[in-house]
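One is the number of the first residue; the rest follow in order along the sequence. Side-chain atoms are counted along with the backbone in the values below, which use heavy atoms only and exclude waters and symmetry mates. Just so it is clear, the structure is predicted and the values come from calculations on it, not from any experiment.
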Amino acid sequence: MMRAWILPTLLLVSGSLIAAASVVRGAFGVAVPLLLLFVLLAGLNSPLAFPRSVSALEAQRRSAVDGRPIVYWRSGCQYCLRLRIRLGRSAHQLHWVDIWRDPAGATAVRAANDGNETVPTVVVAGRPHVNPDPAWVRAQLSPST
């Protein structure tokens, strides 16, 4: 769980130090936008940018009932973030599993990717798809959900 917050924390600390240095130099107009930029980057690279994760077991159980895809992801992954942003509100229709929080999720991803933890891995109807196009993932959602 802790490693999911390393990059966001580093971004916040770095942004704070750079903004503080700008304030010391008297460049308040530079400090505020820089700090806001680093806060935004930290938020996008944190688990907060993604729907609430469930365990791999729970995601598999729910997917068997409702047929919705499962997305295995991790914080700091630019491809996971791209998928999340491009899905927009549709992202809440999928079952999200954070492989850094759930060892069973990491095991499922390694099994689907020749031992590698390549994310995002989207499982649709029991078949894994590595880093699929977000439009394709959206098309896998039933119109009634």
Side-chain angles (χ1 to χ4, degrees), residues 1-23 27 30-145:
M1 175 62 182
M2 188 60 187
R3 75 177 153 174
W5 290 99
I6 291 173
L7 180 58
T9 302
L10 287 174
L11 286 166
L12 284 176
V13 169
S14 299
S16 298
L17 291 173
I18 292 169
S22 297
V23 168
V30 173
V32 172
L34 272 175
L35 185 58
L36 290 175
L37 174 67
F38 276 88
V39 168
L40 175 68
L41 289 173
L44 287 174
N45 285 287
S46 76
L48 300 175
F50 292 85
R52 172 169 250 140
S53 288
V54 296
S55 70
L57 230 49
E58 180 65 14
Q60 291 164 0
R61 186 191 67 75
R62 289 180 185 181
S63 182
V65 171
D66 61 21
R68 294 180 183 178
I70 300 170
V71 179
Y72 294 96
W73 70 282
R74 66 171 172 77
S75 298
C77 168
Q78 65 182 345
Y79 301 106
C80 297
L81 183 60
R82 172 183 155 257
L83 176 65
R84 168 60 186 100
I85 290 171
R86 299 261 317 270
L87 286 174
R89 289 182 158 178
S90 300
H92 292 285
Q93 296 178 18
L94 296 115
H95 303 293
W96 294 79
V97 178
D98 184 348
I99 67 168
W100 279 359
R101 292 182 68 195
D102 185 35
T107 301
V109 170
R110 285 192 301 270
N113 295 300
D114 299 321
N116 298 312
E117 289 185 356
T118 307
V119 288
T121 297
V122 179
V123 177
V124 178
R127 296 195 58 218
H129 304 272
V130 180
N131 196 16
D133 184 80
W136 179 84
V137 175
R138 192 177 303 110
Q140 302 311 303
L141 299 172
S142 66
S144 63
T145 57

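Annotation: side chain of Phe50 is in contact with side chain of Cys80 (closest heavy-atom distance under 4.5 Å). Using a 4.5 Å heavy-atom cutoff, the side chains of Val122 and Leu83 are in contact. Put simply, the side chain of Val71 does not reach to within 4.5 Å of the side chain of Val97, judged on heavy atoms. Residues Asp98 and Trp73 form a side-chain contact, since some pair of their non-hydrogen atoms from C-beta on lies under 4.5 Å apart. With a 4.5 Å cut-off on side-chain heavy atoms, Asn131 and Thr118 do not count as touching. For the pair Arg82 and Asp133, the minimum side-chain heavy-atom distance is below 4.5 Å.
Heavy atoms from other residues, nucleotides or ligands lying under 6.0 Å from CG of Leu57 number 12 at most.
Without hydrogens or angle criteria, Ser63 side chain to Ala59 main chain gives no donor-acceptor distance under 3.5 Å. A side-chain donor-acceptor contact under 3.5 Å links Arg84 to the backbone of Ala49.
When all heavy atoms of Ser75 and Ser46 are compared, the closest pair comes out as OG-C, 4.0 Å. What you find for Tyr72 and Val123 is that their closest heavy atoms are CE1-CG2, 3.6 Å. Of all heavy-atom pairs spanning Pro134 and Leu87, the tightest one is O-CD2, 3.7 Å.
How far CZ of Arg62 is from OG of Ser55: 8.0 Å, rounded to the nearest 0.5 Å.
For residues 116-131, the pairs satisfying salt bridge (charged side-chain N to carboxylate O under 4.0 Å, His left out) are Arg110-Glu117, with sequence neighbours left out.
When only modelled atom types and interatomic distance are considered, Ser53 and Asp102 share no side-chain donor-acceptor pair under 3.5 Å.
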